[in-house]
Every structure is written in structure tokens, then in C-alpha cells.
Amino acid sequence: MCGIVAAVGREGNVVPSVIQGLKTLEYRGYDSAGVAIVSDGAIQVRRRTGKIAVLEEDLGQNGLPESSIALAHTRWATHGAPEDRNAHPHRDHLEKVVVVHNGIIENYAELRAELQEAGHEFSSDTDTEVLANLVASLLEENSGDLHAAICAALPRVHGAYALVAASASDSDSLVIARHDSPLVVGIGDGVTCTASDMPALLGLTREFLVLENGETAILTPDSCQIYDPNNQTIERAVQHCDWTPEQAEKGGYPHFMLKEIEEQPDVLARTAFDRLHDAEGDVEFESEFGLDDQALCVFSRLRFMAMGTSFHSAMLGKLFLEEFAQLPGDVVNASEFLYSPKLKEGDALTVIISQSGETADSLRAMREVQSRGGKVLGICNVRGSTLDREADHVVLTHCGPEVGVASTKAFFGQLAALYLLALRVGRARGVLSQEQGFELLSDLRHLRPKLDALFSEAAAQAVQKAADILAPVDSCLFLGRGFNHPIAMEGALKLKEISYIHAEGYPAGEMKHGPIALIDDSFPVVAIATPGRTYEKMVSNIEEVRARSGAVVAVAAEGDEKVSGLADATLFVPEVPEHLSPLVNVIPLQQLSYEVAKRLGKDVDQPRNLAKSVTVE
Ligand code: F6R
């Protein structure tokens, strides 16, 4: 939550690049934004409640001087309401130091009281202003050295932070520090920059290095000097990022979410196709997977953990594993795991799934497993993220940057990766023969052309008809069974998060045990009834809804007149083997949510109260 961008250049004005980068981070928080520069020995700040566009407008009227140093921030409020005075950047009361910060300072109230006692005055309700004052209070005893003052301040701070600071007396350097919140450094030509993620800096450079937990660094136009937690200098190799600036832009689409929904056929190819070893009927992951056949035979179960949409992937990870490898899987909500009894890990492998690789709950769960002696396989979209770096084994999903707050293509990429993982485990353990492996791979290869039907004119019209049913209601239910129970949950999550219509996803068998009481002519049900072992049961559930006057939106295989004859609107999908149906069925549900939210005039890409990367617990 919250996005940071800052840059220090040899010459020229870095403010436009910093604001441009900040816009790509708006997904991390968008209740207020601000920017600071250092010029002629003084810090100047502009901060505005609202989205970055409001700040830009303000800068247009009330411009800042050109500056080769700038720090900017987009906020997701933790301490204090979204108001101009609470927006970042924050200065100390004497305006010697300016700070932008992502994270939470847990002991800010004690520090604030102590600083107030010493004469510091505060104008905001934030923990960040406390940080700025704490650092400023230590400047003098550190001979005005900002890095030294920050190193002296950090041991006193409890919580999570990624911070960037500058001093009024030095317009040639920035100091950065991180603990549990992400920060990357970009090395450009005559400019060094830093941000919460790489896409924010693609306009300036594609050469990056990642700051690790506990490290600090001094950035100047031509250097980045990193210090370890003991203040010893360290060298770090620069990595090249192959994401392009265009991938992080809308490319003519009205919303990122729509663009990302439509990218899914390509995501299938990017996540899966280079890894298919058809001749062997097997999957070949890159070296960072690091688990050979012998290692995969040692585990007696796999535990899948994640949050939100990625948790729905986790549910499918278990189902794929049990189907293809006949190995038991557990699914655990990462935030719940942290507070469960500390049992021995035994011979389990934990799979942590996260688009961003920065979700605080998931990272804490990973570290908890590791501290109990367990091994973690991370499934992640962002190279260089904390999950990518700290997991013992990694599979990257290669979906490209996902910017829409509601996850779509990243979910799809996770499902493809989990399908491959289950197949690999099944082959390693001898549960799947080469021929069976080959069949499963060719199912996946044949899926891509079939997905085209989901983007046809006929499909778009069906989505419109289904949206006619859902857009006017306050509440609805999504039902699915087996492989499509997680898809029912994901469909409901997509609808509620972007349209604010109350929606719940249930395994359809549960309907009669409670939710059926809700059904009447104002309470529709979205039922996933594609071919497979639970098809007839789903048809019976649809009949039960109809008998209570509930409208039905069905997801059904192309040409299924039985289901479409019962439904008020049908989202037809191409017929695929049951184990691939989740990858197909989720797409019209994403399109439906998008259409409903758009009709209701909601902010599709940046729904209220949410942030894409939830870096606080
Ligand atoms: C919903 C959504 C969230 C995320 C969740 C985990 O559309 O995007 O529920 O799935 O916050 O995020 P990651 O996958 O980055 O760990």
C-alpha cells in the first residue's frame, strides 16, 4: 500500500518523470498524493487529497521550480484521514528533512510524545511525520549527515517501512531504507531513481537492483551505495528488467482491467508453453524451481497458502495436485496460518502464491514456515519481489505487469502454473505415465485457440444480457462445484470488489444448507454448469433456484440447451476437459463484473478502499 517514486539526476528536471512513474503506482493507493523537491537549500512540497490527477492539476497552476531531485508518493491511508495535511511527503517542523514512506510505524505514538516533549510540533496525524522529525532530531549529532541520522533513527522504529528521505542542505542525494516494504533502485544514465516497484521506473531505466530488508542506501546521480544492517558497504549486481513501458500502459483500452482480461490467451502461452516438454509428457521449470524428482518424492503433502484472488488459485492448486499427482493438498489462508498452533512442518512443501510477491500476510506465512524448518515454493508474477527472493524455490508466472487492482490475468497465470506444477509432481512420483502427461500437455496447448470464442461479438452480447440481470440487484450468489467452486468464489470476489454489489461464492451443495433462504425474484444466482462429474448436480441446483423465482445466469458449454433453457442469461464457453474448465469459466465472469461495474459508473481499475499490493497485515 502506498507508492513511492524518487529520483536524483545530474541535470534537468526529474519532476515530470517522477510524476509519470507515480501514476503507474496509483494501484497501490489513491486517496492523496504529493511531491517534494529540494532547491536553494529549501524543501518545497505540493500535496493534494484525491488522485494524482488532482496533484497534477495543482502543479499546473502552482508549479514547482525545475529540480534534479524529487520525491513523490501516492497514499493509501493508514494513519489519519485522506486530507492534504496527511498526504506525503512530510517534513520535520523545522523543514530540514523530507520523507516519503510506505508501511506502518507501530510505535509512532510513543515517539511522537517524546518528540513533542522535546519541542517538535506536528501538523498531521501520520506516523511518517514522526519519522521525519525523529530523523531531523538526530541530524545535528551526526554532523548533518542524513544517512547517519537515518541509521541512528531506524533502531528506534518498530514496524514496516520503505522510506526515501532528502535533506534541505543537499540537493544531490537521496537516502533510502527498507524493512518489510518493497523498494527497488533504478540505475539510469546520469540519474538514479527508486520506487515501490520496477514498472514505475521503466520511463527512466530498465537496469535495477533490489534493496533487501534491513539495508539502507545513498543515491546520487551516478551511484547507489548500499549498506547492510551493520552499516558496512555492500556490492550488488544490477539486473535487467525485460518488461517494457508499454506493457504497463493501457494501450488504447479504456481500463487496465479490460486490457488484462483480453491478454489472457497470451498469458497462457507466456506462463506455460516454453515449459512444456511434449516428448517426455512432462514439464520443465527453470533452475530456480530447484526440485528434482527425488525431492518431489520426499513430500507427503503440499500446503497452498495465499490471500484474496491468489487464495482461490491456492484452492485450485490443491485440486490439480490431488487429481494429477494423487498427493494430498491443504489450503490455508496465509493470515490465518500465522495464528494457528505451531505444529511441526514434517515433510510438507508449502506453496505460497502471490501476484505481487509483496503481500504482507503471505510473506509472514512464508517466513513462519521457514522458521519451523519447512521449505517454500513461491509462485509469483514479479521478478525481484520479496517472495521471489526469499522463497526456497520459485516458479514465475510471466504474466507481465498487472495494473488493474482487480486481479485477472495474474490469476489465470497462477492457474496455468499450478496445473504445470501438479503435472510435474505427478510425473516425478510416477503417478502419471508419459502418455498421460502428454495428454494433459496437449489439452493445455489446444486451450489457447479455444479461448478466442470468449472474445467474440456473441460472447460480448451474452455478457450484456447477464449484466442486465446483475447490475440492478443488491446481492447475489455464485455457485460452482469441484474445480469450479474456487471459480464461483473468484467470480463473486470480482463482482463485489469493483461494483460493490454484495456477492458470495459457494460450493453449490451448500446452497440448501442456508443460502437458499435468500433466494427470491430480487436475488439472482450465477451458476457454473459446464460438463464434468458434477454437471447433473449443478442442473438440479439451477432448478431449485428457479423454483424459488430466482433469476439464473449460467456459465455453460457452447450448445448446451439443457442449461441455457433453464437460465435467464447464458454465458457460453468452449467445451474443454473438466480439469481445464476453471481457466475458461473464469473469463466470462471477469467480463461480467467489468461490465456491471462500468454500467454502475464505478472506478473499475481503482475500486474504493482497496490497494493492489497489501503490504500491511
Ligand atoms: C483481488 C485481488 C486481491 C489479491 C490479494 C493478494 O482481485 O487482487 O484479492 O489477490 O490482495 O495479492 P497478491 O496476489 O499480490 O499476493
Quick check for you: to the nearest 0.5 Å, what is the distance between Lys598 atom NZ and Ser593 atom OG? 13.0 Å
Step by step, would you call Arg85 with Asp125 a salt bridge (charged side-chain N to carboxylate O under 4.0 Å, His left out)? CA-CA 8 Å; Arg85 69 191 180 91; Asp125 304 324; 2.7 Å; yes
Please examine the side chains of Thr309 and Glu490, heavy atoms only from C-beta on, and report whether any two atoms are closer than 4.5 Å. yes
Flag the pair Val283 / Leu441 as yes when at least one side-chain heavy-atom distance between them is below 4.5 Å, and no otherwise. yes
Using modelled atom types and a 3.5 Å cut-off, is there a donor and acceptor pairing between side-chain atoms of Thr359 and backbone atoms of Asp361? no
Side chain to side chain donor-acceptor pair (under 3.5 Å), that's the test. Do Lys494 and Thr408 meet it? Break it down for me. CA-CA 9 Å; Lys494 283 289 88 80; Thr408 52; over 6 Å; no
Heavy-atom pair with the smallest gap, counting every atom of Ala365 and Leu338: N-CD2, 3.6 Å
Return the CD1 to CG distance between Ile4 and Asp197, rounded to the nearest 0.5 Å. 11.0 Å
Consider side chain to side chain contact (heavy atoms under 4.5 Å, CB included). Of Leu479, Leu589, Leu571, Thr534, which one does Ile528 pass it with? Leu589
Can you check side chain to side chain contact (heavy atoms under 4.5 Å, CB included) on Arg275 and Val395, steps first, answer last? CA-CA 11 Å; Arg275 290 163 164 165; Val395 171; 3.7 Å; yes
Approximate separation, where rounding is to 0.5 Å, of Leu580 CG and Leu451 CG: 9.5 Å
Steps toward side chain to side chain contact (heavy atoms under 4.5 Å, CB included) verdict (Val576, Leu583): CA-CA 10 Å; Val576 295; Leu583 285 91; over 6 Å; no
Do side-chain atoms of Thr271 reach the backbone of Leu268 as a donor and acceptor pair under 3.5 angstrom? no
Within the structure provided, determine whether Phe478 and Cys476 are in side-chain contact (heavy-atom separation under 4.5 Å). yes
Is the distance from the ring center of Phe311 to that of Phe304 below 6.0 Å? no
Apply side chain to side chain donor-acceptor pair (under 3.5 Å) to Asp605 and Tyr30, showing your working. CA-CA 11 Å; Asp605 281 336; Tyr30 31 85; over 6 Å; no
I'd like to know if Asp84 and Arg47 make a salt bridge, using a cut-off of under 4.0 Å between side-chain N and carboxylate O. no
Here's a test for you: under side chain to side chain contact (heavy atoms under 4.5 Å, CB included), which of Asp520, Leu518, Asp521, Ile516 qualifies with Arg548? Ile516
Give a yes or no answer on whether the side chain of Ser310 reaches the backbone of Ala306 with a donor-acceptor pair at less than 3.5 Å. no
What is the distance from atom CD1 of Ile501 to atom OG of Ser475, rounded to the nearest 0.5 Å? 9.0 Å
Can you classify the ring geometry of His73 versus His88 as parallel (below 30°), tilted (30 to 60°) or perpendicular (above 60°)? parallel
Under 4.0 Å between a side-chain nitrogen and a carboxylate oxygen: does that hold for Glu26 and Lys51? no
What do you reckon, is CD of Gln464 surrounded by more than 12 foreign heavy atoms closer than 6.0 Å? yes
With Lys409, which of Glu263, Gln414, Gln355, Gln590 fulfils side chain to side chain donor-acceptor pair (under 3.5 Å)? Glu263
Is it true that Glu262 and Lys259 make a salt bridge, defined as a side-chain N closer than 4.0 Å to a carboxylate O? no
Exceeds 12 heavy-atom contacts within 6.0 angstrom, atom OH of Tyr506: no
Looking only at heavy atoms, what is the nearest atom pair of Pro82 and Thr49, with distance? O-CG2, 3.2 Å
In Å and rounded to the nearest 0.5 Å, what is the CG to CG distance from Asn102 to Leu183? 8.5 Å
With side chains defined as the heavy atoms from C-beta onward, is the minimum distance between Ser549 and Phe523 less than 4.5 Å? no
Quick one: do Asp468 and Arg599 make a salt bridge, cutoff under 4.0 Å? yes
What distance do Arg364 atom CZ and Ser362 atom OG have between them, rounded to the nearest 0.5 Å? 11.5 Å
Are Val552 and Leu566 close enough, and set up right, to give a side chain to side chain contact (heavy atoms under 4.5 Å, CB included), and what steps lead you there? CA-CA 8 Å; Val552 174; Leu566 292 172; over 6 Å; no
For Leu321 and Pro328, work out which heavy atoms get closest and say how close. CD2-O, 3.7 Å
Going by heavy atoms in the side chains, are Lys318 and Leu302 under 4.5 Å from each other? no
Salt bridge (charged side-chain N to carboxylate O under 4.0 Å, His left out) between Glu558 and Lys450: does it pass, once the steps are laid out? CA-CA 11 Å; Glu558 192 62 56; Lys450 290 189 178 175; over 6 Å; no
Does the side chain of Leu420 reach to within under 4.5 Å of the side chain of Leu276, using non-hydrogen atoms? yes
Would you say the ring centers of His255 and Tyr594 fall short of 6.0 Å from each other? yes
Any side-chain heavy-atom pair of Leu377 and Ile352 under 4.5 Å: no
Working for side chain to side chain donor-acceptor pair (under 3.5 Å), residues His502 and Asp474: CA-CA 6 Å; His502 174 234; Asp474 295 328; over 6 Å; no
Lys NZ or Arg CZ of Arg608 over Tyr500 ring: under 6.0 Å, within 45°: yes
Is there a donor-acceptor pair closer than 3.5 Å between any side-chain N or O of Ser540 and the backbone N or O of Glu536? yes
Nearest heavy-atom approach of Leu363 to Gly357 is CD2-O, 3.6 Å
Side chain to side chain contact (heavy atoms under 4.5 Å, CB included) between Leu396 and Asn381: does it pass, once the steps are laid out? CA-CA 5 Å; Leu396 288 171; Asn381 190 36; over 6 Å; no
Residue among Glu402, Glu260, Gln264, His312 satisfying side chain to side chain contact (heavy atoms under 4.5 Å, CB included) with Phe411: His312
Using a 4.5 Å cut-off on heavy atoms from C-beta on, say whether the side chain of Arg383 contacts that of Met198. no
Atom CG of Asn62 with >12 non-hydrogen neighbours under 6.0 angstrom: yes
Salt bridge or not for Arg533 and Glu323, using N-O below 4.0 Å? yes
Between Gln591 (side chain) and Leu454 (backbone), is there a donor-acceptor pair under 3.5 Å? yes
Derivation and outcome, side chain to side chain donor-acceptor pair (under 3.5 Å), residues Ser32 and Asn86: CA-CA 8 Å; Ser32 48; Asn86 286 330; over 6 Å; no
Charged N to carboxylate O under 4.0 angstrom, Glu56 versus Arg46? no
